[in-house]
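What follows is one structure encoded as structure tokens, with my remarks underneath.
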Amino acid sequence: MTPSATPAYRRLSVEERRSQLLDAALTLFAHRAPEDVSLDDVAEAAGVSRPLVYRYFPGGKQQLYEAALRSAAEELRHCFDEPLQGPLLPRLSRALDRYLGFVDEHDTGFSALLQGGSVVETSRTTAIVDGVRRAAAEHIYRHLGVSGPGPRLRMTVRTWITAVEAASLIWLDEDKQPPVEELRDWLVEQFVAVLTVTASRDPQTAAVVGALAGDGRD
């Protein structure tokens with residue numbers, strides 16, 4: 001009788017194991033606030049022992065949370081990393097599709113994971129989140145074709161990024177209504193609106209709005 005085949009066991013590399021633990025943590029943080037997730041929960045979700053989690057994250061839950069936050073932040077940074085080709089507003093729409101897709105995927109954990117308000121929040125986690133906002137702003141300046149944004153344009157772009165975050169959280173509270181495509185279009189329209197308001201006070205922003213109008217005529 002032929003012996004039954006035994007599934008081959010593959011030992012994970014250090015990076016693969018670390019990635020596995022981070023994926024498990026992010027999945028948990030996507031549905032529960034960080035303070036409600038224990039290392040035992042992460043170990044169980046990853047199918048490993050608690051000591052193994054400590055081996056990779058000797059700083060315990062705080063280190064694991066910060067590592068998971070960095071991983072999520074890196075994903076969010078790439079949301080606005082759109083090729084500089086074609087009209088601006090469709091590019092912005094595609095970036096928002098990715099951003100809102102992340103919000104949708106992480107659902108109720110989005111606030112705790114990226115917006116603060118957690119008992120495990122520190123100056124380091126705040127800096128990680130602020131880094132995402134700054135990276136998004138830098139991407140937008142590049143899409144606007146502006147290498148040296150002045151204070152009014154910087155304030156306008158960063159205010160809009162804050163509005164996107166707030167709208168995302170409210171959207172989750174409202175059971176993901178309106179439909180995500182409508183939310184995306186509304187946020188794009190808001191971007192044009194705030195630029196237009198600033199343009200009346202700032203020549204640099206006025207030039208940006210003029211270029212957007214030219215895009216619309218192409």
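No experiment lies behind these values; they were computed from the predicted model shown. Values below: all heavy atoms of this structure, side chains included; hydrogens, waters and symmetry mates excluded.
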_Nearest atoms (heavy-atom pairs only) where Ser13 meets Tyr56_ = O-OH, 4.5 Å

*Judged by modelled atom types alone, do Thr198 and Thr156 share a side-chain donor-acceptor pair under 3.5 Å?*
yes

*Do Arg17 and Arg55 come within less than 4.5 Å of each other through their side chains, counting heavy atoms only?*
no

_Nearest 0.5 Å, please: how far is CG in Asp97 from CG in Leu183?_
10.0 Å

*Interatomic spacing from CZ in Phe57 to CG in Leu22 - rounded to 0.5 Å*: 4.0 Å

*Using the side-chain hydrogen bond (donor to acceptor under 3.5 Å, both in side chains) rule, pick out the option among Arg91, Arg98, Arg142 that qualifies with Glu82.*
Arg98

*Could you grab the distance from atom CG of Leu195 to atom OG of Ser200, nearest 0.5 Å is fine?*
11.5 Å

*Considering non-hydrogen atoms only, spot the tightest contact between Arg154 and Pro149 and give its length.*
NH1-O, 2.6 Å

*Looking only at heavy atoms, which two atoms of Gln85 and Arg94 are closest? And how far apart?*
O-NH2, 4.2 Å

*asked:* Distance check, rounded to the nearest 0.5 Å: Leu153 atom CG versus Leu144 atom CG?
replied: 6.5 Å

*Specify the closest pair of heavy atoms between Val42 and Leu21, including all atoms of both residues, with the distance to one decimal.*
CG1-O, 4.1 Å

*So do the side chains of Trp171 and Val180 get within less than 4.5 Å of each other, counting heavy atoms only?*
yes

*Spell out, yes or no, whether Leu89 and Leu100 are grouped together once hydrophobic residues are joined by side-chain heavy atoms under 4.5 Å, including indirect joins.*
yes

*What are the two closest non-hydrogen atoms of Gly150 and Gln204, and how far apart are they?*
N-OE1, 2.7 Å

*Any chance you could measure Leu64, atom CG, to Leu26, atom CG, to the nearest 0.5 Å?*
8.5 Å

*Do Thr162 and Arg158 have side chains that get closer than 4.5 Å, going by heavy atoms?*
no

_Under 3.5 Å: donor-acceptor pair, side chain of Ser71, backbone of Ala67_ = no

*Do the side chain of Asp41 and the main chain of Ser38 share a donor and acceptor less than 3.5 angstrom apart?*
yes

_I'd like to know if the side chain of Gln20 reaches the main chain of Gly47, judged simply by a donor and an acceptor atom lying under 3.5 Å from each other, with no hydrogens or angles considered._
no

*Determine, stepwise, if the pair Arg77 / Glu74 fulfils salt bridge (charged side-chain N to carboxylate O under 4.0 Å, His left out).*
CA-CA 5 Å; Arg77 281 193 187 95; Glu74 188 63 25; 3.3 Å; yes

*Least distance between heavy atoms, His143 atom then Phe80 atom*: NE2-O, 3.5 Å

*With the side chain counted from C-beta on, respond yes when Ile140 and Trp160 share a heavy-atom pair under 4.5 Å apart, and no when they do not.*
yes

*asked:* Taking Asp130 first and then Arg134, would you say they form a salt bridge - that is, a charged N and a carboxylate O separated by under 4.0 Å?
replied: yes

*Evaluate the side-chain proximity of Glu165 to Tyr99: yes if any heavy-atom separation is below 4.5 Å, no if none is.*
yes

*Validation row: Pro178, Trp186 side chains within 4.5 angstrom (heavy atoms)*: no

*How many angstroms lie between atom CD of Glu189 and atom CZ of Arg184, to the nearest 0.5 angstrom?*
10.5 Å

_Close side-chain approach of Glu66 and Gln62, heavy atoms under 4.5 Å_ = yes

